[in-house]
There are 2 protein chains.
Amino acid sequence: MDDTRWLTDAERDVWRTFITMVGAFGDHLDKQLQRDSAMPYTYYEILVVLSHAPGRALRMSELAGLRGASRSRLSHAVSRLEEAGWVERRECPTDKRGSIAVLTDEGFAALAAAAPGHVTTVREALFDRLTPEQVAVLGQISVAVLDGLDPDKCLPGNRELG
Amino acid sequence: MDDTRWLTDAERDVWRTFITMVGAFGDHLDKQLQRDSAMPYTYYEILVVLSHAPGRALRMSELAGLRGASRSRLSHAVSRLEEAGWVERRECPTDKRGSIAVLTDEGFAALAAAAPGHVTTVREALFDRLTPEQVAVLGQISVAVLDGLDPDKCLPGNRELG
DNA sequence: ATCGGGTAGTTGAACACTCAACAGCGACGA
DNA sequence: TCGTCGCTGTTGAGTGTTCAACTACCCGAT
């Protein structure tokens, strides 16, 4: 009664290499940002998204949607970023339920200071190690997998600051 | 004074798609295992590695090395797995500093029960969505990136149970 | 023998994320 | 007007990870 479609040996090799790479790569990214800029990668991404928004401000739920994060997670994160002086909360004028996260000048400066090291890490650990063809295929793979995970969003490109 | 090699537009698109995919895919994996088998993915992997070891037992540091985890993380994790009755700690006969993690029969049963759902999730979310060529390139990419992250290990294949 | 440096593993605090519950507000219909 | 329902955002508890000590032990050198 086992109708599970197990992985072939070749698939298993790819799978284990892939999942190990993803873990090690994520650790590498996080450690660099934590060491050089005292922020975890997820917080960096929040600052990036805010920095691209008009007025460097976004409703909490929009911010959560753009980053694929839960409202709870974002609320906790913004509280931390507020303590650091990088983000402020404002009331939403059109909807009293809402609250708006605004990137402060300090937050933008912290982001600008963190970006070169982060982008360099990404380049050295990823793009410099791949051929242009591999990069192209990686993009196709990512889109294909993402499409399968749900009726998805957050693909529209965010410009600048990697 | 900016000698940072920034990403091109095309690279940035690939990067954002890739990092979003990795996050969403990891969440997907974790949620499935947590929901169906009450364990996080990292614990599943510990059980997998133990199940392949001779006698289903490994020194803590070997286990940590094989899974790319810190000793601290592994120690906490094994404590949890011990509470669940899935792993036991034994003293190491040849080195009194050491301790040995042993997979219990219950732990093996839990792993066997969790494996089909997990493998099915991996297949549906990843392999079923890619062409054989893309899978092959994904393997190459993973090896290339992993090679760059440090004088690496943990590539030797682990057989069975995905 | 024992001293010193390195290794193995554990611990507790701090941090990040999840989950479930909650309060507050908007929108729509009776 | 008044409910009701759904949405927004926050909160606190529980879980997992990291970091920095710390203990206990092995090993090699003097």
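Labels below follow one simple rule: chain letters A, B, ... track the order of the sequence lines, proteins then strands, and each chain is numbered from 1. Keep in mind that what you see is a predicted model, and the values were worked out from it rather than measured.
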Once side-chain contact (heavy atoms from CB on, under 4.5 Å) is applied, do any residues pair with [X], and if so which ones, sequence neighbours excluded?
X: Ser61(A); result: Arg59(A)
X: Glu88(B); result: Arg90(B), Thr104(B)
X: Thr94(A); result: Cys92(A)
X: Arg129(A); result: Asp147(B)

Next item on the list: Give me the first and last nucleotide of DNA chain D, going 5' to 3', that has any atom under 4.0 Å from a heavy atom of chain A.
Entry: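 The protein-touched segment is dG6(D) to dC19(D).
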
Next item on the list: Please identify each residue that fulfils side-chain hydrogen bond (donor to acceptor under 3.5 Å, both in side chains) with Gln140(B), with sequence neighbours left out.
Entry: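 By the side-chain hydrogen bond (donor to acceptor under 3.5 Å, both in side chains) rule, Gln140(B) matches Gln134(A).
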
Note to self: So, taking the atom named OG in Ser99(B) and the one named CG in Leu63(B), what distance separates them when rounded to the nearest 0.5 Å?
What the structure shows: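 So the gap between those two atoms works out to 10.0 Å.
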
Check: Among pairs that include at least one residue of residues 110-125 of chain B, which meet salt bridge (Lys or Arg N to Asp or Glu O under 4.0 Å), considering only residues two or more places apart or in two chains?
Finding: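 As it turns out, the salt bridge (Lys or Arg N to Asp or Glu O under 4.0 Å) pairs with a partner in residues 110-125 of chain B, which skip direct neighbours, are Glu11(A)-Arg123(B), Arg123(B)-Asp128(B).
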
Next item on the list: Among residues two or more places apart or on two chains, list those pairs meeting salt bridge (Lys or Arg N to Asp or Glu O under 4.0 Å) that have a residue in residues 96-113 of chain A.
Entry: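 Output for this query lists Asp95(A)-Arg97(A).
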
Check: Under 4.0 angstrom, heavy atoms only, what part of the nucleic acid is Ser70(B) near: base, sugar-phosphate, or nothing?
Finding: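 Sugar-phosphate, backbone atoms only, no base.
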
Next item on the list: Scan Ser79(B) against the nucleic acid and name what it touches under 4.0 Å (heavy atoms): base, sugar-phosphate only, or nothing.
Entry: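 Touches nothing.
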
Acceptor/donor pairs from residues 23-33 of chain A side chains to any protein atom, 3.5 angstrom cut, sequence neighbours excluded:
from, atom 1, to, atom 2, distance (Å)
Asp30(A), OD1, Tyr41(A), N, 2.9
Gln32(A), NE2, Asp36(A), OD2, 3.0

Margin query: Expected output is a numbered-order residue list: members of residues 30-39 of chain A with a heavy atom under 4.0 Å from any atom of DNA chain C. What is it?
Written below: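 Within this stretch, nothing sits under 4.0 Å of the strand.
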
List the atom pairs, donor and acceptor, that lie under 3.5 Å between side-chain atoms in residues 69-86 of chain A and the rest of the protein, sequence neighbours left out.
from, atom 1, to, atom 2, distance (Å)
Ser70(A), OG, Arg73(A), N, 3.0
Ser79(A), OG, Ser75(A), O, 3.0
Ser79(A), OG, Arg89(A), NH2, 2.5
Glu82(A), OE1, Arg89(A), NE, 3.1
Glu82(A), OE2, Arg89(A), N, 3.2

If you restrict it to nitrogen or oxygen atoms, what contacts under 3.5 Å exist between nucleotides 2-10 of chain C and the protein, and what is each distance?
from, atom 1, to, atom 2, distance (Å)
dG6(C), N2, Arg97(B), NH1, 3.2
dT7(C), O2, Arg97(B), NH1, 2.8
dA8(C), O3', Arg59(B), NH2, 3.1
dG9(C), OP1, Arg59(B), NE, 3.0
dG9(C), OP1, Met60(B), N, 3.3
dG9(C), OP1, Ser99(B), N, 3.2
dG9(C), OP1, Ser99(B), O, 3.1
dG9(C), OP2, Ser61(B), N, 2.7
dG9(C), OP2, Ser61(B), OG, 2.9
dG9(C), N7, Arg71(B), NE, 3.3
dT10(C), OP1, Arg89(B), NH1, 2.4
dT10(C), OP2, Ser75(B), OG, 2.9
dT10(C), OP2, Arg89(B), NH1, 3.1
dT10(C), O5', Ser75(B), OG, 3.4

Next item on the list: Give the rounded distance in Å between these two atoms: CD of Glu83(A) and C1' of dC15(C).
Entry: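 Spelled out: CD on Glu83(A) to C1' on dC15(C) is 11 Å.
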
